[in-house]
Amino acid sequence: MHEWTLQEAARKVRDKEISSRELTRALLDRIERINPKINAYVTVLHDKAMAEATARDETQAKGEALGVLHGVPLGLKDIFCTRGIRTTCGSRILSYFLPPYDAAVAEKVAASGAVLLGKHNMDEFAMGSSTETSHFGPTRNPWATGRIPGGSSGGTAAAVAAGLCYAGVGTDTGGSIRQPASLCGVVGVKPTYGRVSRYGMIAFASSLDQGGPVTRTVPDAAMMLGVIAGHDRRDSTSVDLPVPDYPAAAERPVKGMKVGLPREYFEVEGLDPAVRGAMEKALDALVVQGAQAVEISLPHTSFAVATYYIIAPAEASSNLARYDGVRYGYRAKVAGGLIEMMSRTRAEGFGAEVKRRIMIGTYALSAGYYEAYYGKAQKVRTLIRRDFDAAFAKVDAILTPTSPTPAFRLGEKTGDPLTMYLSDIFTIPCNLAGIPGISVPCGMSAEGLPIGAQLLAGHFREETLFTAAAAIERALPHPPVAPLEGA
Amino acid sequence: MEFEAVIGLEVHAQLSTQSKIFCACSAAFGAPPNENTCPVCTGMPGVLPVLNRKAVEFTIRTALATSCAVQSKSVFARKNYFYPDLPKAYQISQYELPLALAGHIDIEADGGTKRIGITRIHMEEDAGKLVHEGEFAGAQASLADLNRCSVPLMEIVSEPDMRTPEEGGAYLRRLRDILVYLEVCDGNMEEGSFRCDANVSVRPKGQKEFGTKAELKNMNSFRNVEKALEYEIRRQVEQIEDGGTVAQETRLWDAAANVTIPMRGKEEAHDYRYFPDPDLLPLIVDDAWIDALRKTIPELPAEKVARLASTCGISRYDAELLSSSRALADFFEASVKIYGGNPKVSANECIHWKDAVAAGKISPETIAHAVEDRETGKISATASKTLVELVIRTGKPLRQLREEKGLSQVSDAGALEETVAKVIAANPKEAESYRNGKAGLLSFFVGQVMKETKGKANPKIVQEVLKKKLG
Amino acid sequence: MAITREEVLHVARLARLALSEEEVDRLRDQIGNILDYIRQLDTLDTREVVPTSHAVEMGTPFRDDSVCPFGDKEAILSNAPDRFEDFFRVPRILED
Ligand SMILES: [Mg+2]
Ligand SMILES: [Zn+2]
């Protein structure tokens, strides 16, 4: 039953074909067998999930109104605070943190009737593209356990791909939902900035972070976004707009849609031929169904990574300053004074990648450098936004690869941070512009590694993404649950 | 060589809101440790700030009352530094784009008025409190209480327009009075809701350029500010006269020793890495909002003093005493509305009973009736005082107490004639002497009449009747 | 763009990160490389460009001034690595 889609599972519970208890038990058992192979979960809520499932079944037996995800087991990236449930953000510094509050996303998922199975592994503080920087060890790609699942929501993508939950919620600051979705053969959505509340979602780069669904199908992603989207007064950057019927958008025909192909994205050095081939198939699928391909230009694309690697670390250096060993989390044992306590706590509590970004961000904001780095990057951010504004005056959606290559091997890029950063080249511009993006499977490499296509649309045009992505999904062979050896 | 001082003041005023600036915790003073805290103000992971509208309105009203230009767009920034009383390790404050710019306050100086410029007014959050070793039973440690974290503050920065400690004191008092009149800050320096730092330098008189300035902190009363400025100016002048130079530094006022001392430690190069807070969008203030708030600005202290002195026939000195509190001035005006009479007397009464007024123990009627009854001879001055005291004690109306306690005077000459005749008849020798020119005996007769009437006769009327009967 | 050891140490101090000798050297090289890459932004003329701080173009929303106590101080304090009564306890601030 783990191979059911989210929509199937929700319908079967609703129609009492299966109880929430049975479904939850089955997935917990599967997690027990499979998770040691891929390390997708940091925390599994064995007892709590079963208790929740029992309560769901009782609610249903009483004939009460049911939420859209009633009784369906899900998982959350361990970046969403969950009240009384350890929330680590993949870091040693939060390895014992028990939030006294729920993230807005956690509340919404609970309100939809879903059952929380556990918390997904991730790159430490969402800083990474491979889920290798987690304090709790790397997550492995369920399609090839010697390879990375992508990151930072690698645990979520791997869990969904391996059938360890029917859906998950990840976060995306520079591609952290779309890139792992692409590398794990699942669907991932980065909503418009302001669409999903950031309340209780541990901040990496506040002006770029956005939570979004990871699922096996496009209609599932649409359903899941419908659950987590919406205005929240506790997040000042949350936008007060009604939430459309996303699943309906996934059923609309793509006919007449203008799809832009940005020249710059296909000229990138190191674009894998298998990715290029899969992209052609995705485009064909859209054109066959009546979409119109339009060549466009996003001239500042090549500056996006540099812009991102100023803005994100700068904001992160400030957001992560609160981990000082005073109020919660890890504290180093020192004999010295306050400054030594704080400096040692942070040195021991953070991993290498987090420290590197804190250093870059602190440097970029420090006296004498602000204008040259942060100020400059914010201006280039404007140019990148304008590129998209101009493009969306001509087209409805933009089609690009999600990642230049399929999943690389564990350890392959850890020694060279810059090369790792450059693998986010296709996903970063979307965050800088605040627009929505989706990654949908569109093929397999010769080695059997999934490849994803990215679609981008204008602000709050998620419906367009679901329409186009569903068209690709209908036309191309859809990856099954990852066939983990012996599972 | 003659020197002059250049003084600029930075005031941090706590806004009198119910809740904090970015969360719904109580902003009240004096709660048990960490009682008024939540995930937001303790800087827990993932939590976000949402701006308190009232805090913005209070700051806009202050800006309007000090003739500042309210900015249609201002921006909250993060001021980054590590300290255990600062949970997020940054203070949300306005930096490059503050809410208000370029205003002024007029103060009294050298018998005239002097205009002191206000550079800017911006909003920010307060930090918590650290209790250091020695203040509790324990080890080499400090204790953090985060109740004050995120309490709303406005920072009011003056131009370096003041030249003497007295001008500094006058500016601070006037600013405090304005904030209290606006009801945006309680003005309490001891509890820290009105704090002042000073920038001071000296220069030879006539020189245009400023000297090197020192920043003074830790002055928790108006008197201390003036004393600290006096000391610091003298210190800098002596330093220069001795052939030395003034160091740019932060100095603390030591109120016990009456000196300023250099602040140790914190001299680590401060680099606050300000940048716009991505968790908050720009603060947009439109004209309609400003206009609506402009209508809520009450008559301010300077205007009130001028009006009371010119229209109520009281002295400027009394007008200032009355205007020291908006409530007292309102009380005075309400009282003279009930009974006009001689406003000077009413003013004296209001000033005399100002504590009872502040405590809400007496009403404008109390004073109006006391003054009216005295001026019409219904009660004596002593009885008036006794009656107001009784009002304070019992809460009963003054005139009811006057009847209950029988404190009215007999002012009717006819009613007194019989008693006067009786007293003269009983003292023929004294009457004889008086008639023979011993005028001093009049007071003897007054005393006898008062004794006979048990003190209820109006002494002025008694004298008149006596003179007539003895004449 | 070269960044010196001293700059690395200064930034580490601002960021309250106690770095080992080996970390200082490695970070100097890595940050230098990354800054070199970032300098490509200098080729863009942005004199007339307004900066983007937020992807959302609206004014900040407000909340009403009403008190709503969190009500679970214990849940906050119980996360403290060191606690004395209802305070967070920290080592004394030593001058260094
Ligand atoms: Mg300040
Ligand atoms: Zn609070």
Side-chain angles (χ1 to χ4, degrees), chain B residues 17-20 22-28 32-42 44 50-56 73 75-76 80-84 89 130-133 136 138-146 264-266 268-269 271 273 275-278 280-285, chain C residues 3-19 31 35 38 41 46 49-96:
Chain B
T17 55
Q18 298 294 305
S19 63
K20 294 184 177 182
F22 296 123
C23 67
C25 289
S26 167
N34 290 305
E35 193 64 32
N36 297 339
T37 61
C38 73
V40 177
C41 57
T42 55
M44 291 201 135
V50 184
L51 182 58
N52 184 334
R53 183 198 313 269
K54 183 135 276 159
V56 178
K73 177 184 168 181
V75 168
F76 285 96
N80 295 284
Y81 65 95
F82 288 88
Y83 209 66
L130 268 197
V131 185
H132 296 286
E133 182 200 10
F136 73 100
Q140 290 279 91
S142 302
L143 303 175
D145 171 7
L146 306 180
R264 289 174 306 151
K266 280 211 175 168
E268 163 190 290
D271 182 346
R273 289 158 283 135
F275 73 105
D277 189 342
L280 291 161
L281 300 169
L283 169 53
I284 305 297
V285 179
Chain C
I3 164 167
T4 64
R5 263 189 78 87
E6 286 62 43
E7 280 179 298
V8 171
L9 287 169
H10 170 70
V11 172
R13 194 176 155 73
L14 280 177
R16 294 282 186 274
L17 285 172
L19 300 179
I31 294 173
L35 293 177
I38 283 163
L41 298 183
T46 52
V49 182
V50 288
T52 295
S53 304
H54 300 93
V56 207
E57 282 179 79
M58 55 180 197
T60 207
F62 302 103
R63 39 172 285 273
D64 292 332
D65 180 32
S66 56
V67 174
C68 176
F70 176 62
D72 194 359
K73 149 165 141 175
E74 190 51 38
I76 293 175
L77 282 162
S78 60
N79 267 295
D82 187 12
R83 172 180 175 178
F84 175 82
E85 294 174 350
D86 282 350
F87 293 96
F88 299 97
R89 179 152 54 188
V90 292
R92 191 123 163 71
I93 297 124
L94 302 175
E95 282 140 30
D96 58 350

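By convention in this document, chain letters (A, B, ...) are assigned in the order of the sequence lines, proteins followed by strands, and residues within each chain are numbered from 1. As the structure is a computational prediction, the values presented were derived from the model and not from experiment. Heavy-atom basis, side chains included; hydrogens, waters and symmetry copies ignored.
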Pairwise side-chain hydrogen bond (donor to acceptor under 3.5 Å, both in side chains) hits with a residue in residues 61-72 of chain C, at least two apart: B:S19-C:R63, B:S19-C:D65, B:N52-C:D65
Where does B:T42 contact chain C at under 4.5 Å (heavy atoms): side chain, backbone, both or neither? side chain
Looking at C:C68, C:A75, C:A80, which one has more heavy-atom pairs under 4.5 Å with chain B than the rest? C:C68
For a 4.5 angstrom cut-off between non-hydrogen side-chain atoms, does B:Y81 reach C:L14? no
C:I76 versus B:P39: any side-chain heavy-atom pair under 4.5 Å? yes
Under 4.5 Å from any heavy atom of chain C, what part of B:D277 do you find: side chain, backbone, both or neither? backbone
Between B:V131 and C:F87, does the side chain to side chain contact (heavy atoms under 4.5 Å, CB included) criterion hold? Intermediate values first, please. CA-CA 9 Å; B:V131 185; C:F87 293 96; 4.2 Å; yes
Do the non-hydrogen side-chain atoms of C:F62 and B:L283 ever get within less than 4.5 Å of each other? yes
Calculate, to the nearest 0.5 Å, the distance between atoms CG and CD belonging to B:L281 and C:E57 respectively. 10.5 Å
Of B:I284, B:D145, B:T17, the largest count of non-hydrogen pairs under 4.5 angstrom with chain C goes to B:T17
So, taking the atom named CG in B:L146 and the one named CG in C:D86, what distance separates them when rounded to the nearest 0.5 Å? 11.5 Å
Side chain, backbone, both or neither: which part of B:P84 has an atom under 4.5 Å from a heavy atom of chain C? side chain
If we check side chain to side chain contact (heavy atoms under 4.5 Å, CB included) with C:F70, which of these qualifies: B:C38, B:C23, B:C41? B:C38
Can any side-chain N or O of C:H54 pair as donor or acceptor with the backbone N or O of B:L280 at less than 3.5 Å? yes
So what's closer than 4.5 Å to chain C heavy atoms on B:V40: side chain, backbone, both or neither? neither
C:K73 side chain to B:N36 main-chain N or O, any donor-acceptor pair under 3.5 Å? no
Whatever's closer than 4.5 Å to a heavy atom in chain B on C:A15 counts as backbone
Which answer fits C:D82, side chain, backbone, both or neither, if we ask what part of it has an atom under 4.5 Å from a heavy atom of chain B? neither
For the atom pair CG (B:N34) and CD (C:E85), what is the distance rounded to the nearest 0.5 Å? 11.5 Å
What part of B:K20 gets closer than 4.5 Å to chain C, counting heavy atoms only: side chain, backbone, both or neither? backbone
Kindly write out the residues that satisfy ring pair (Phe, Tyr, Trp, His ring centres under 6.0 Å) with B:F76, not counting sequence neighbours, or none if the list is empty. B:F22
Against chain C, label B:P276 side chain, backbone, both or neither, depending on which of its atoms sit under 4.5 Å from a heavy atom there. side chain
